[in-house]
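These notes are about the structure you will find just below.
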Amino acid sequence: MTKKNKAYSKVKIVVTGGAGFIGSHTVVELLEAGYLPIIIDNFSNSQPWIIDKIKEITSQTPIIYEGDCNDKTFLEEVFQKESSIEGVIHFAAFKAVGESIIKPLDYYKNNLSSLITVLETMQKFGVKNLVFSSSATVYGEPDSCPIAETAPRKISPSPYGKTKTICEDIISDTVNGCKNISAISLRYFNPIGAHPSGLIGELPIGAPNNLVPYVTQTAAGIREKLTIFGNDYPTDDGYGVRDFIHVVDLAQAHIKTLQYLTKHKSPFYDVFNVGTGKGNSVLEIIETFQKVNNTNVPREIGPRREGDIATCYADVSKIKKMMNWETKKTLEDSLRDAWKWQKSLK
Ligand code: UDP
């Protein structure tokens, strides 16, 4: 078989938002697992040069279409042109919690409409498998930890969080109603880190909202100091506790999910947590970061951030049992890779 034919025999997966943080790492894992990713990205919150870095890491070239998932004509053109698409991983969405409170309609419009357009296009072209980027935010303030998938979904404080809950319901209803699509929502806990090559990672616009990018930017001198949002939580050390997962582990969970979807022939919908199963406090993150990178993070204690909960970590026994997936990387790996990426941006 010639090289060209080999490329054509690869299984095609559409990755919306494939130039973003989790999307780009998933595209790398797809290429390395022998898939042919078809990236759809409007570069509204990502950079075209990330595609070159993906090529550099993998020595392979994903297919890329620049455009918006809300644009039905565009999406149909892509599906028509590519044909025989095995599945879709839908990352493309607005994701800033704080911004969603100020611009709720933008969030509802974009996140719901793009999902609906993706589902309509999948139906039209007979694409059978969907992996959706959901979030632990759908659990709201959990009654206890670790959180299993059977825990009730509670009202999330932000419109961003609510879009995830509504999107899960749209997918579940579509699978039930149309009987020819299988779908899985992956509920991510706290993705951190970067590719170990240091070539791709998170690119926050302006001051980061999330802890680890703020830590790396403070260590790099871009921010004066990190404000810790409260140290009077009912946790062992008083700091907030989260389940921080290396983005490469998270990306690999998407490959396992695709394999799981295609193995089951009858249409179904299910949800899986994706985390480490362990909680680490904000203080542990800062201290581990300083230790593994031999650097310093100037900091102060501030008030609690509105809407924050004390503790959130996953019960990951379902994904381990049903997909044989578990994390391979340590917290140290995540924080080392996050720093390597930050330094590469200088
Ligand atoms: N956090 C903090 N300072 C920051 C950003 C975050 O102390 O500048 C804390 C936050 O209060 C929470 C933890 O770090 O306890 C993780 O926050 P992040 O925004 O990264 O994730 P999420 O709140 O969505 O779990």
Check against salt bridge (charged side-chain N to carboxylate O under 4.0 Å, His left out), Glu76 and Lys124: CA-CA 9 Å; Glu76 288 187 357; Lys124 180 160 180 180; 3.2 Å; yes

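- Between His25 atom NE2 and His254 atom NE2 the span is 12.5 Å, to the nearest 0.5 Å.
- Salt-bridge formation is detected for the pair Glu82/Lys12: a Lys NZ or Arg NE/NH1/NH2 atom is positioned less than 4.0 Å from an Asp or Glu carboxylate oxygen.
- A cation-pi contact, defined as under 6.0 Å to the ring centre and within 45° of the axis, links Arg304 to Tyr233.
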List the steps and the verdict of salt bridge (charged side-chain N to carboxylate O under 4.0 Å, His left out) for Glu300 and Lys225. CA-CA 7 Å; Glu300 63 176 7; Lys225 57 182 177 246; 3.6 Å; yes

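- Side-chain contact annotation: Glu29 with Tyr35, donor-acceptor N/O pair under 3.5 Å absent.
- Between the side chains of Thr295 and Gln290, no donor-acceptor pair is found at a separation under 3.5 Å.
- Ring centroids of Phe132 and Phe91 are separated by 6.0 Å or more, keeping the two rings apart.
- Side-chain contact, Ser156 with Tyr139: no donor N or O sits under 3.5 Å from an acceptor N or O.
- The only member of Thr327, Asp249, Thr330, Asp243 that meets side chain to side chain donor-acceptor pair (under 3.5 Å) when paired with Thr276 is Asp243.
- With respect to Lys154 and Asp143, a salt bridge is recorded, a charged nitrogen being found less than 4.0 Å from a carboxylate O.
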Checking Asp106 against Lys109 for the salt bridge (charged side-chain N to carboxylate O under 4.0 Å, His left out) test, could you report, in this order, the C-alpha distance in whole Å, the side-chain angles of both residues, the deciding distance, and whether it holds? CA-CA 5 Å; Asp106 288 359; Lys109 192 172 180 181; over 6 Å; no

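- For the atom pair Thr137 OG1 and Tyr188 OH, the distance stands at 14.0 Å (nearest 0.5 Å).
- Between Glu332 and Lys291 there is no salt bridge, since no side-chain nitrogen of the basic residue lies less than 4.0 Å from a carboxylate oxygen of the acidic one.
- Between the side chains of His195 and Asp337, no donor N or O sits under 3.5 Å from an acceptor N or O.
- Between the side chains of Ser281 and Asp237, at least one donor-acceptor pair of N or O atoms lies under 3.5 Å.
- Ionic pairing of Asp169 and Lys164 is not present here: no N-O contact between side-chain nitrogen and carboxylate oxygen is shorter than 4.0 angstrom.
- For the residue pair Thr311/Thr235, the side-chain donor-acceptor check at 3.5 Å is not satisfied.
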